[in-house]
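Written below as structure tokens is the structure these notes are about.
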Amino acid sequence: MARDIPAYNAEAIETKWQQVWDRESTFQARDDSDRPKKYVLEMFPYPSGDLHMGHARNYSIGDAMARQARMRGFEVLHPMGFDAFGLPAENAAIKHNTQAGAWTYKNMDTAIATMKRMGFSYDYDRLVRTCDPEYYKWGQWAFLKMWERGLAYRATSPVNWCPSCNTVLANEQVVDGRCWRCGEVPEKRELSQWYLKITDYAQELLDDLDQLTGWPENVKAQQRNWIGRSEGAEIDFALAAEDGVTPTDRLITVFTTRADTLFGVSFFLLPPESPLAAELVAGTEYEAAYLELKKSVEQVSSVDRQGSGREKHGVFTGRYVINPLTGVPAPIWVADYILLDYGTGAVMGVPSGDQRDFDFARKYDLPIPPIIAQKDDPLYEELKDERELRVTNVDWDHAMDAEGYLIQSGEFTGMKGGKHSEAVDAIIAHLSERGIGRKKVQFRLRDWLISRQRYWGNPIPMIHCDCCGDVPVPYEDLPVRLPDDLDLGAGQTLAEYAPFYETTCPKCGKPARRITDTMDTFTCSSWYYLRYCDPHNDEAPFSREAADHWMTVDNYIGGIEHAILHLLYSRFWTKVMRDLGMVDFDEPFTNLLCQGMVKDANGDTMSKSKGNVVPPSSVIGPYGADTMRLAILFIAPTEKDFNWDEEVVAGANRFIKRAWRTVWGLAETASKDETLDVAALNTEGKELFRRMNEMGIKCTADFDRGQFNTAISAVMELVNDASGYLNKVASADRDPALTYAVARSIVAMLSPICPHWGEELFHEALGLEGSVYDEPWPEFDEEAAKASTIEVAVQVKGKIRARIQVAADAPQAEVEGAAKEAVARFIEGKDIKKVIYVPGKLVNIVAV
RNA sequence: GCCCGAGUGGCGGAAUUGGCAGACGCGGAGGUCUCAAAAACCUUUGAGGAAACUCGUGUGGGUUCGAGUCCCACCUCGGGCACCA
């Protein structure tokens with residue numbers, strides 16, 4: 001009985017199913033389910049207006065995973081929320097003279113509407129907004145726990161101050177010398193700020209990267225770079241008295257990875273900001289030059305100061321240190337290429353072993369004593385047995401090779417030198433014995449500066465009392481609420497808003513002042529994935545039971561821009577929670593997928609200022625959400641960037657409509673109640689059945705790998721075959737069980753990607769009840785996917801000369817016989833050395 | 001300078017363990033239907049060649065019966081770190 005195939009009306013069916021899912025709470029994650037759990041998570045957005053294409057891609061990937069996992073029998077936790085604190089809200093409020101909260105909540109509503117319009121299967125009952133007091137209370141709680149453990153502290157040091165954002169920044173937020181948010185070049189300011197002691201976890205954050213086998217290599221590499229572990233030694237140099245030769249009791253310690261070059265020290269270096277340098281030159285003839293250098297460094301921006309190509313500047317201090325091994329004095333210089341906050345803030349200058357020191361020595365005419373050489377170097381021949389420093393200068397144009405053999409190096413002469421060499425070990429051992437040096441591991445990672453001089457953030461729950469110092473807010477007083485009636489339009493800040501900062505000291509009861517800094521928004525996003533496990537808990541940030549049940553995140557999906565920032569902070573936060581006994585795992589995210597960027601048709605990043613933004617609504621409108629999701633997942637592998645291409649969307653729409661017609665066409669004869677008897681099928685039916693299994697297996701495997709573009713192409717192939725079957729086989733000759741099975745498979749396999757399309761066909765074309773997402777993923781049979789006749793390629797010495805059809809179960813001898821026959825003219829009169837047979841694939845005849 | 005990736009048709013891309021390179025889609029060409037167009041459907045589409053066949057996965061070598069895939073050297077592009085001692 002022929003039915004008219006209804007037209008595919010995306011808007012109508014999408015609206016219909018979105019309402020059904022909402023009403024039925026189809027995607028609620030049940031804590032008490034018997035099914036195995038799966039936690040699929042996309043990085044939550046900052047609500048700065050409506051969602052853009054990057055979000056659409058991110059969430060389409062996650063949603064396809066979550067929906068497919070549900071069909072594969074998992075109880076899926078797939079939550080969503082908002083990283084709602086942050087500067088853009090505050091700036092918008094200042095500009096429009098309103099409240100940051102109002103702006104933020106409005107944007108979140110807009111974003112939620114778009115998420116629903118895209119058909120994302122979130123459990124909206126678990127929505128987390130970081131600006132809700134119910135949430136940020138527990139961020140304050142965590143801060144206090146860290147304070148108790150000495151992991152949160154206040155310190156005064158030079159920090160990056162962004163003059164446009166009017167706040168300090170973390171090291172991680174200075175990208176290429178500029179503010180990550182606004183691009184302004186930050187100034188260095190000496191300020192009292194709040195830190196989290198992420199450096200306590202540096203080694204573990206590095207080591208545990210090896211556990212993360214489900215993370216992309218480049219993200220792990222970036223984190224390793226950022227943590228920046230160096231093995232080396234600290235070595236104590238004695239400051240010389242003013243005569244320049246007599247050692248004093250005062251020690252200045254350096255950090256070096258090249259203890260083997262200690263005999264080559266010809267000067268000693270301090271950074272311009274060094275208090276010691278200022279002290280040494282105070283009141284001397286060298287002071288004026290020193291102050292001038294210091295001033296010039298302060299005027300150079302962080303952008304200009306970085307880079308190894310920059311010309312170096314330095315001044316002599318008039319003082320010396322004594323080399324602890326040789327007893328030789330080395331002049332102390334101040335140089336602008338030395339960093340105050342790495343190592344000990346003092347460096348030994350070895351011009352023959354380090355290019356930077358070499359450049360410096362050349363410029364200021366300091367000696368370059370050679371202490372390491374290759375065996376084929378004439379210098380090696382000359383000095384290989386020389387223990388004393390006889391040659392004190394050389395005429396090179398470049399520092400020496402990093403590795404070689406020590407010369408003129410006392411008892412260590414002749415040893416192999418270089419990073420991690422025997423000479424390094426020997427010299428460190430020697431220094432340790434004498435108590436003037438020790439092994440030392442140095443990290444590039446600095447503590448996380450979390451205080452921000454901004455309003456729209458989570459208040460630091462501390463009170464400053466003139467008598468008692470910094471006093472924590474008692475737990476029972478949490479949360480410290482952010483007031484919502486500041487006059488932001490007039491530029492009022494928390495520090496100027498007495499109702500907020502006026503308080504009494506919890507310890508002594510005297511009037512005291514609240515800390516008016518708020519926490520970096522990255523503190524809020526460092527644990528939101530834990531809150532989703534137990535979002536309504538008002539006794540604790542989350543229960544141990546809930547965390548044990550849902551964590552870890554099985555699939556975490558987001559942009560590569562968080563490779564260091566968010567992902568490093570979250571790893572740190574998790575380890576702190578573990579040490580507090582809140583969780584029992586070391587790493588929060590088991591598998592990480594970093595999706596590529598969506599660029600415009602020319603390959604440029606989309607941005608409002610360039611005016612090349614393609615809003616998701618412009619695609620949903622004409623084509624529907626399902627088409628958009630399909631196009632986004634099909635156009636490229638998830639981790640690659642792609643350029644927006646309207647033709648791909650049109651193609652996806654063409655396919656979705658063709659698949660729609662094909663399923664309806666199959667449904668015409670389909671019956672879910674008949675049993676499929678493969679043997680009874682006609683030739684076309686048998687082949688379609690085989691292809692269904694073949695493509696089903698391929699599609700399933702591709703879903704498991706998160707490779708959606710090829711999963712879709714497998715469905716396309718099956719749709720092509722099914723449509724060919726409908727063309728060739730008259731409806732009376734179609735098998736009802738087969739057409740049902742094929743239609744059901746197509747619907748199931750496309751449902752994670754085109755969910756409304758899937759539900760509609762599941763109900764209307766196939767006449768089934770319930771949700772397609774409560775139905776199991778179809779089973780496919782490996783045996784049934786095998787063809788009875790297969791094509792085998794026949795090679796002669798590796799070159800394809802023929803293709804033959806053989807029965808799938810034909811014995812090897814038969815296949816080889818047929819192969820030889822097929823390529824007879826290529827092997828005629830030749831000697832067959834060997835025949836290689838790869839079953840089902842090829843025969844290679846080696847004939848000479 | 002150090003550390004990660006990646007180079008395949010006109011384009012996006014596929015090839016799961018060393019086994020038929022170019023699946024699937026876009027674009028192109030031809031056709032059916034139509035007064036015409038759109039839509040849809042069918043055929044075709046790596047290059048050269050009439051064909052046999054030859055060439056072909058950044059370049060040059062190597063291993064192998066057989067290499068996009070493994071090894072060596074190099075080139076180009078993208079990304080991270082970087083005056084970090």
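In what follows, every heavy atom counts, from backbone to side chain, and hydrogens, waters and symmetry copies are set aside. The structure displayed is predicted, hence computed values, not measured ones. In what follows, every chain begins at residue 1, and chains take the letters A, B, ... in the order their sequences are listed.
Checked for salt-bridge contact, D641(A) and K599(A) meet the test: a charged N lies under 4.0 Å from a carboxylate O.
Straight-line distance from the CZ atom of R258(A) to the C1' atom of rC83(B): 17 Å, rounded to whole Å. Rounding to whole angstrom units, CG of residue L726(A) and P of rC42(B) are separated by 11 Å. Distance, F268(A) CZ to rA85(B) P: 16 Å, rounded to whole Å. Protein atom CG of N844(A) is 13 Å distant from nucleotide atom C1' of rG18(B), rounded to whole Å. Residue N171(A) contributes atom CG, which lies 17 Å from atom P of rG80(B) at whole-angstrom precision. At whole-Å resolution of the value, CZ in R229(A) and C1' in rC2(B) are 17 Å apart. Between the CD1 atom of I338(A) and the P atom of rA85(B) there is a distance of 11 Å, given to the nearest Å. Rounded to an integer number of Å, the gap from CD of E782(A) to C1' of rU16(B) is 12 Å.
Heavy atoms of V838(A) sit under 4.0 angstrom from at least one base atom. Counting any heavy atom pair closer than 4.0 Å across all strands shown, N720(A) reaches sugar-phosphate atoms only and no base atom. Within the 4.0 angstrom heavy-atom criterion, only backbone atoms of the sugar-phosphate kind lie near E217(A); the bases stay farther away. Across all strands, Q355(A) comes closer than 4.0 Å to no nucleic acid atom at all (heavy-atom distances). Backbone-only contact: I800(A) has heavy atoms under 4.0 Å from sugar-phosphate atoms and none from a base. Using a 4.0 Å heavy-atom distance criterion, F826(A) is classed as a sugar-phosphate-only contact.
When distances are taken from the side chain of A221(A) to each of rG25(B), rC4(B), rC20(B), the shortest belongs to rC4(B). You'll find that the side chain of Q222(A) is closest to rG79(B), out of rA85(B), rC24(B), rG79(B). Proximity note for R825(A) (side chain, C-beta onward) versus rC53(B), rG27(B), rG25(B): the nearest is rC53(B). Listed nucleotides: rC83(B), rG5(B), rC24(B). Nearest to the side chain of K312(A): rC83(B).
Looking only at atom types and distance, the side chain of Y725(A) has no donor-acceptor partner in the side chain of E687(A) under 3.5 Å away. For the residue pair W180(A) / E172(A), no side-chain donor-acceptor distance below 3.5 Å is found, with atom types taken as modelled. Judged by distance alone, the side chains of N225(A) and R444(A) never bring a donor and an acceptor atom under 3.5 Å apart. Side-chain polar atoms of Q222(A) and N218(A) form no donor-acceptor pair below 3.5 angstrom. Side-chain contact annotation: D357(A) with Y337(A), donor-acceptor N/O pair under 3.5 Å present. Side chain to side chain, R229(A) and Q203(A) meet the donor-acceptor criterion of an N or O pair below 3.5 Å.
In this model, no side-chain donor or acceptor of K841(A) finds a partner on the base of rC20(B) within 3.5 Å.
Using a 4.0 Å cut-off, no side-chain N or O of N218(A) falls inside it from OP1 or OP2 of rA6(B). Contact check, N225(A) against rC4(B): no side-chain N or O comes under 4.0 Å of OP1 or OP2. At least one side-chain nitrogen or oxygen of R444(A) sits closer than 4.0 Å to the OP1 or OP2 atom of rA82(B). One finds no side-chain N or O of K799(A) lying less than 4.0 angstrom from the OP1 or OP2 phosphate oxygen of rA67(B). Residue R801(A) places no side-chain N or O under 4.0 Å from the OP1 or OP2 atom of rC20(B). For rC65(B), the OP1/OP2 oxygens have a side-chain nitrogen or oxygen of K834(A) closer than 4.0 Å. At rC24(B), none of the side-chain N or O atoms of R654(A) fall inside 4.0 Å of OP1 or OP2 (strictly under the cut-off). Of the side-chain N and O atoms in R224(A), none sit less than 4.0 angstrom from OP1 or OP2 of rC2(B). When the side-chain nitrogen and oxygen atoms of Y337(A) are compared with OP1 and OP2 of rA85(B), none of them lie within a distance under 4.0 Å. An OP1 or OP2 oxygen of rA85(B) is reached within less than 4.0 angstrom by a side-chain nitrogen or oxygen of S230(A).
Comparing the same atom, P, in rC83(B) and in rC2(B) gives a spacing of 16 Å after rounding to whole Å. Here the separation of rG22(B) from rU16(B), taken at their P atoms, is 13 Å to the nearest Å. rU54(B) and rU64(B) are spaced 23 Å apart, taking the C1' atom of each and rounding to whole Å. On the C1' atoms, rU34(B) is 35 Å away from rA23(B), given to the nearest whole Å.
Along RNA chain B, the nucleotide nearest to R661(A) and the one nearest to V175(A) differ in position, and the one closer to the 5' end is contacted by R661(A). Where M716(A) and I564(A) each meet RNA chain B at their nearest nucleotide, the meeting point lying more 5' is that of M716(A).
Within the shown strands, nothing qualifies as a pairing partner of rA14(B) under the Watson-Crick or G-U definition with both distances less than 3.5 Å. If you check rC20(B) for Watson-Crick or wobble pairing at under 3.5 angstrom, you find it has no partner at all. The partner of rG30(B) is rC42(B), by the rule that a Watson-Crick or G-U pair needs both atom distances under 3.5 Å. Here rC70(B) sits opposite rG62(B) as a Watson-Crick or G-U wobble pair (both hydrogen-bonding atom distances under 3.5 Å). Nucleotide rG5(B) forms a pair with rC77(B), judged by Watson-Crick or G-U wobble geometry with both contacts under 3.5 Å.
Within residues 690-707 of chain A, the residues that place at least one heavy atom under 4.0 Å from RNA chain B are, in residue-number order, R705(A), Q707(A). Contacts between residues 629-640 of chain A and RNA chain B, defined by a heavy-atom separation under 4.0 Å, are made by F634(A), I635(A), P637(A), K640(A).
Residues F522(A) and W448(A) place their aromatic rings such that the two centres sit no closer than 6.0 Å.
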Item to check | salt bridge (charged side-chain N to carboxylate O under 4.0 Å, His left out) between D702(A) and R705(A), worked out | outcome: CA-CA 5 Å; D702(A) 286 344; R705(A) 291 191 289 162; 2.7 Å; yes

Item to check | Full working for salt bridge (charged side-chain N to carboxylate O under 4.0 Å, His left out) between R571(A) and D208(A) | outcome: CA-CA 10 Å; R571(A) 296 180 60 221; D208(A) 286 357; 5.3 Å; no

Item to check | Derivation and outcome, salt bridge (charged side-chain N to carboxylate O under 4.0 Å, His left out), residues R438(A) and E234(A) | outcome: CA-CA 5 Å; R438(A) 60 214 70 89; E234(A) 282 184 351; 3.2 Å; yes

Item to check | side-chain contact (heavy atoms from CB on, under 4.5 Å) between F708(A) and M65(A), worked out | outcome: CA-CA 9 Å; F708(A) 301 109; M65(A) 283 185 178; 3.7 Å; yes

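For rG9(B), the base is syn relative to its sugar; the glycosidic angle is within 90° of 0.
Environment of CD in E821(A): sparse, with no more than 12 heavy atoms of neighbouring residues, nucleotides or ligands closer than 6.0 Å.
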